[in-house]
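For reference, the structure is listed below as structure tokens.
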Amino acid sequence: MQANEFDKALAEAGTALDHLAASRALQDRLRGRLAGSLRAAPRAPASFGLRPAWAAAVLVAFALGMWLRPLLRSPSPSPPRLGGLALAEASADLQVTVGPGDRVAVLGGRCRLLDPGTGMALELGKDVALRRERAGLRLVAGRVEVAVEKRPAGQPVRMLVSDGAIEVTGTRFTVVQEAVGGRVTLHEGRIDFTAADGRTVRLAPGDSLAWPLPPPAPPAPPPAPSEAPSAPAPAPARPPSHLAPRPAPDPTPSEVSATLERIAALRSRGEYGEAAEVLRRALAEGLRPESDELLSYELGSILAHQLHDPAAACAHWERHLERHRGGRFDGEVEESRAALGCARRSR
Amino acid sequence: MELRRPTPDAAPDAGEEAPFELLYRAHREQVLRWSLRYMGGDVTAAEDLAHDVFIQVLERMSGLERPEELTGWLYRVTAHLAISRWRRERSLWARVRSALAAEAAEPSPSPADALELREGARRALAQLRALPPRERVVLCMKLLDGRSQRDIAGCLGLSEGYVSKLVTRALARVRAAGWTIDAGE
């Protein structure tokens, strides 16, 4: 960077400011100031939209809540909800956001969430993101410990991951979703993993499985005519289906992996504009359809949910559907288009 | 870290989908981030701004029709308060009060105290602080948030043409100060 390039110098300063915003010291000072202001507030100012008596009651209740919080012991009769999931337990340092589409992201601390519809209990730590979708609960990123009560036959619980779905009939397991692929380890009970291409793998306690699954092994070649027909060549050894090794499905995995890691780093710093530019450049290079679909979906998500640019997002989703109609993100893209009102914009 | 049950809502309201405490904890970092940018790295001013934003949240959250749009609402409120704050401070009366209180006031921690910055980044922040409030906020939205001029106009309730004028003026001031800039205008 040259010394006088303003946009780059400002970007560097912006990153430093973002780190400062994340600092505990600054956040504690803000909290202290808010609590002090509310203690000192004699009455609600006339410009408030609330009636003064009610506004004063809310302010007093908030101030009491802020100061008495560490001392309170009684559980709430109705626990707060995060993206439709009940917050059953939370560490003192829990930091969590609920974004568009009920996307729950844990930024710090730990918590235990309950899905009232399925009875699924999830223990989450830092850097976990979940989203409820029509087909089930999707683990977007991070590591989750899951426990599910035994389910009636034919009524499994589903956790969606990047390259398939975990169907749970009653068990405990740990699932990790990374930038590219992930893995699940079963501790108790039984789960089935259904890959995006329809293959199903059943896991037993103690098994681990990584996705994406490797492509199906090719059939054994027929024996050469000169070989004795009574001694055919043995079929090539295959690993047990429930212990699939970690695959590399894209012929250029390092390109997509590197891009996705860079995107994850830019996202963590809130540099969404830069992340969008990185994705645009990567998409312009010509990728395999699966990689193009993945990066294209990532770009549309950033345009819609982080950069809040409905016009650009709608235009991008239209191009995405032209290229990947019937793809794995169709449901999410249509939901985003509906939320953005893309059909109304295109008229 | 042991898990424990969360505390009850401080200000229950049948119309609210999340307690203020949860909202505050969920958005404090984001609001501080925007505040620090719009205040050009002035930590005390950014704290003041973030404080005012959350007071607005407390005052108006019961009337928020679509809680899922809270992030966008916070973004707009932070930007508007940043602009109006600087206008208040630049008024004649505010400058007189500031001069009279100067001896009694505690020194505001400079960005240098709170941040470890290279010289170029430090100068860029100083240049940002030198811009008029609207130009500063618009330039932050464009360069740091990657917003389009159309989106900026929507956020600030301005016309796209006026936003374009603000961007042009801001970039002209930056270049006049000796910077080069590739803003994709």
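Chain letters run A, B, ... following the sequence lines, proteins first and then strands; every chain starts at 1. On a predicted model such as this, the values are computed, not experimentally measured, just so you know.
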Tell me every residue that passes side chain to side chain donor-acceptor pair (under 3.5 Å) with R173(B), counting only those two or more places apart in sequence or in another chain.
E135(B)

Evaluate whether atom CZ of R281(A) has more than 12 neighbouring non-hydrogen atoms of other residues, nucleotides or ligands under 6.0 angstrom away.
yes

Salt-bridge criterion met for R33(A) and D48(B) (N-O under 4.0 Å)
yes

Can you confirm whether more than 12 heavy atoms, excluding those of R150(B), are under 6.0 Å from its CZ atom?
no

Which bit of A311(A) comes within less than 4.5 Å of chain B, counting heavy atoms only: side chain, backbone, both or neither?
side chain

Relative to chain B, which segment of L94(A) carries a heavy atom at a distance below 4.5 Å: side chain, backbone, both, or neither?
both

For chain B, the option from L107(A), T97(A), L30(A), L26(A) that forms the most heavy-atom pairs under 4.5 Å:
L30(A)

